[in-house]
Amino acid sequence: TYFDPEEMREGSARFLTKLWNSSKFALSHLSDYDPSCTPEEILPIDRWILAKTSETVRIARAYLLQYEIGLARKAVDELFWRDLCDSYIEFCKERLYQPEVHGEEERRSAQAAIFHSLLAILELYAIYVPHITEYIYQKGFRESVGVDSIHLLTWEKDSEEDPEILQFGEFFKEAVYAVRKYKSENSLSMKAEIETVVVRAPESL
């Protein structure tokens with residue numbers, strides 16, 4: 001055979017579990033979020049995930065117009081797994097959990113970013129997994145969005161992308177991963193403090 005049915009089952013189950021768990025985490029921090037109230041300032045890393053989401057919507061739309069459903073799905077998977085779950089959620093956890101330390105404005109910035117990026121990701125996935133995306137939408141987004149079903153929403157229009165904020169996000173990820181790698185190689189806890197970290201970045205960032 002050209003594929004292993006058991007491998008497909010396990011992969012699908014892992015994906016659906018990840019989508020549910022990441023959505024559950026996000027929604028647990030959005031119960032007091034009002035999408036009509038824009039934060040005074042959106043922090044750069046929050047602007048990055050929003051820009052990355054917009055970029056992926058554009059890429060996926062272009063692929064789908066060419067009937068390349070597999071390539072469109074690949075682009076959405078990279079956004080969901082690599083950028084949202086592996087990176088952004090980890091970056092914003094502290095602000096969501098500890099507004100008394102980081103401030104309410106920084107928490108609202110993270111809430112706005114995760115609300116809009118997750119909603120867009122659910123819309124992108126709705127054509128592939130219509131039932132779970134609808135369930136999550138009904139549970140956490142319907143009331144604030146005001147549309148009866150995720151399948152009645154239209155994808156956001158292509159917007160002008162900011163290459164600098166996209167570059168900033170990639171550089172930020174590299175810096176964080178380098179610290180994680182150092183801790184792992186030296187058998188340090190990921191929560192362990194490091195006395196000095198030197199980050200060299202281009203002047204444009």
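Everything numeric here is computed off the predicted structure, so don't read it as measured data.
Note: Phe15 and Trp81 have tilted aromatic rings, judged against thresholds of 30 and 60 degrees for the angle between ring planes.
A search for side-chain contact (heavy atoms from CB on, under 4.5 Å) contacts involving Ser144 returns Pro35, Phe115, not counting sequence neighbours. Considering only residues two or more places apart in sequence or on other chains, Glu68 meets the salt bridge (Lys or Arg N to Asp or Glu O under 4.0 Å) condition with none of them. With sequence neighbours excluded, the residues forming a salt bridge (Lys or Arg N to Asp or Glu O under 4.0 Å) with Glu78 are Lys74, listed by chain and number. Contacts of Tyr182 classified as ring pair (Phe, Tyr, Trp, His ring centres under 6.0 Å), with partners at least two apart in sequence or in another chain: none. Taking Gln98 as the reference, Glu94, Glu100, Val101, His102 meet the side-chain contact (heavy atoms from CB on, under 4.5 Å) condition, with sequence neighbours excluded. Applying the ring pair (Phe, Tyr, Trp, His ring centres under 6.0 Å) criterion to His116, with sequence neighbours excluded, gives no partner residue. Remark: Ser189 engages Lys191, Ala192 in a side-chain contact (heavy atoms from CB on, under 4.5 Å) (not counting sequence neighbours). With sequence neighbours left out, Phe25 forms a ring pair (Phe, Tyr, Trp, His ring centres under 6.0 Å) with His29. The side-chain contact (heavy atoms from CB on, under 4.5 Å) check on Asn21 picks up Thr17, with sequence neighbours excluded.
Hydrophobic clustering, with ILVMFWY side chains joined whenever heavy atoms are under 4.5 angstrom apart, groups Leu152 together with Leu119. One hydrophobic cluster holds both Ile114 and Leu153 under the rule that ILVMFWY side chains link at heavy-atom gaps under 4.5 Å. If you chain together hydrophobic residues whose side chains sit under 4.5 Å apart, Ile127 and Tyr67 never meet in one group. With hydrophobic clusters built from ILVMFWY side chains whose heavy atoms lie under 4.5 angstrom apart, Leu43 does not share a cluster with Ile49. Hydrophobic cluster membership is shared by Val145 and Leu30, with clusters built from Ile, Leu, Val, Met, Phe, Trp and Tyr side chains linked at under 4.5 angstrom.
In this structure, the side chain of Arg108 does not engage the main chain of Pro39 through any donor-acceptor pair within 3.5 Å.
The 12-atom threshold is exceeded at CD of Gln66, counting heavy atoms of other residues, nucleotides or ligands nearer than 6.0 Å. Residue-environment remark: CD1 (Ile69) stays at or below the threshold of 12 foreign heavy atoms within 6.0 Å.
In the hydrophobic clustering, Ile59 connects to Tyr63, Leu71, either directly or through intervening members, whenever side-chain heavy atoms lie under 4.5 Å apart.
In this structure, Ala110 and Asp46 approach most closely via the heavy-atom pair N-OD2, 3.5 Å. Minimum interatomic distance between Leu50 and Ala112 (heavy atoms only, all atoms of both residues): CD2-O, 4.5 Å. Taking both residues in full, the closest heavy atoms of Ser109 and Ile42 are given as OG-CA, 3.4 Å, listed atom of the first, atom of the second, then distance. Of all heavy-atom pairs spanning Pro99 and Glu104, the tightest one is CB-OE2, 3.6 Å. When all heavy atoms of Ala113 and Tyr88 are compared, the closest pair comes out as CB-OH, 3.3 Å. Here the closest non-hydrogen pair linking Pro130 and His151 is O-NE2, 3.2 Å.
Taking CD1 of Ile89 as the reference point, atom OG of Ser22 lies at 5.5 Å (rounded to 0.5 Å). Taken to the nearest 0.5 Å, the CD1 atom of Ile45 stands 12.5 Å off from the CD atom of Glu106. Distance check: Ser23 OG to Phe80 CZ gives 6.5 Å after rounding to the nearest 0.5 Å. Atoms CG and CD, from Leu79 and Glu55 in turn, are 9.0 Å apart once rounded to the nearest 0.5 Å.
Evaluation of the side chain to side chain donor-acceptor pair (under 3.5 Å) test over residues 117-126, restricted to residues two or more places apart or in two chains, returns Asp77-Tyr125.
Of the listed residues (Asp83, Leu84, Thr133), just one forms a side-chain contact (heavy atoms from CB on, under 4.5 Å) with Ile121, and that residue is Leu84.
In this structure the side chain of Trp155 reaches within 4.5 angstrom of the side chain of Leu124, judged on heavy atoms. Using a 4.5 Å heavy-atom threshold, the side chains of Arg47 and Glu164 count as separate. Contact annotation: the side chain of Glu105 never approaches that of Glu41 to less than 4.5 Å [non-hydrogen atoms, C-beta and beyond]. Using a 4.5 Å heavy-atom threshold, the side chains of Asp162 and Phe168 count as separate.
A salt bridge does not link Lys173 with Asp86: every distance from a Lys NZ or Arg NE/NH1/NH2 to an Asp or Glu carboxylate oxygen is 4.0 Å or more.
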- Message: I'd like to know whether Tyr177 forms a side chain to side chain donor-acceptor pair (under 3.5 Å) with Ser87, so could you lay out the CA-CA distance, the side-chain angles of the two residues, the decisive distance to 0.1 Å, and finally the verdict.
- Response: CA-CA 9 Å; Tyr177 293 161; Ser87 300; 2.4 Å; yes
Output side-chain donor-acceptor pairs under 3.5 Å for residues 134-141, partner residues at least two apart or in another chain, one line each.
residue : atom : partner : partner atom : Å
Glu134  : OE1  : Ser149  : OG           : 2.9
Glu134  : OE1  : Ile150  : N            : 3.0
Glu134  : OE2  : Gln138  : NE2          : 2.8
Glu134  : OE2  : Ser149  : OG           : 3.2
Tyr137  : OH   : Val147  : O            : 2.7
Gln138  : OE1  : Arg142  : NH1          : 3.1
Gln138  : NE2  : Asp148  : O            : 2.6

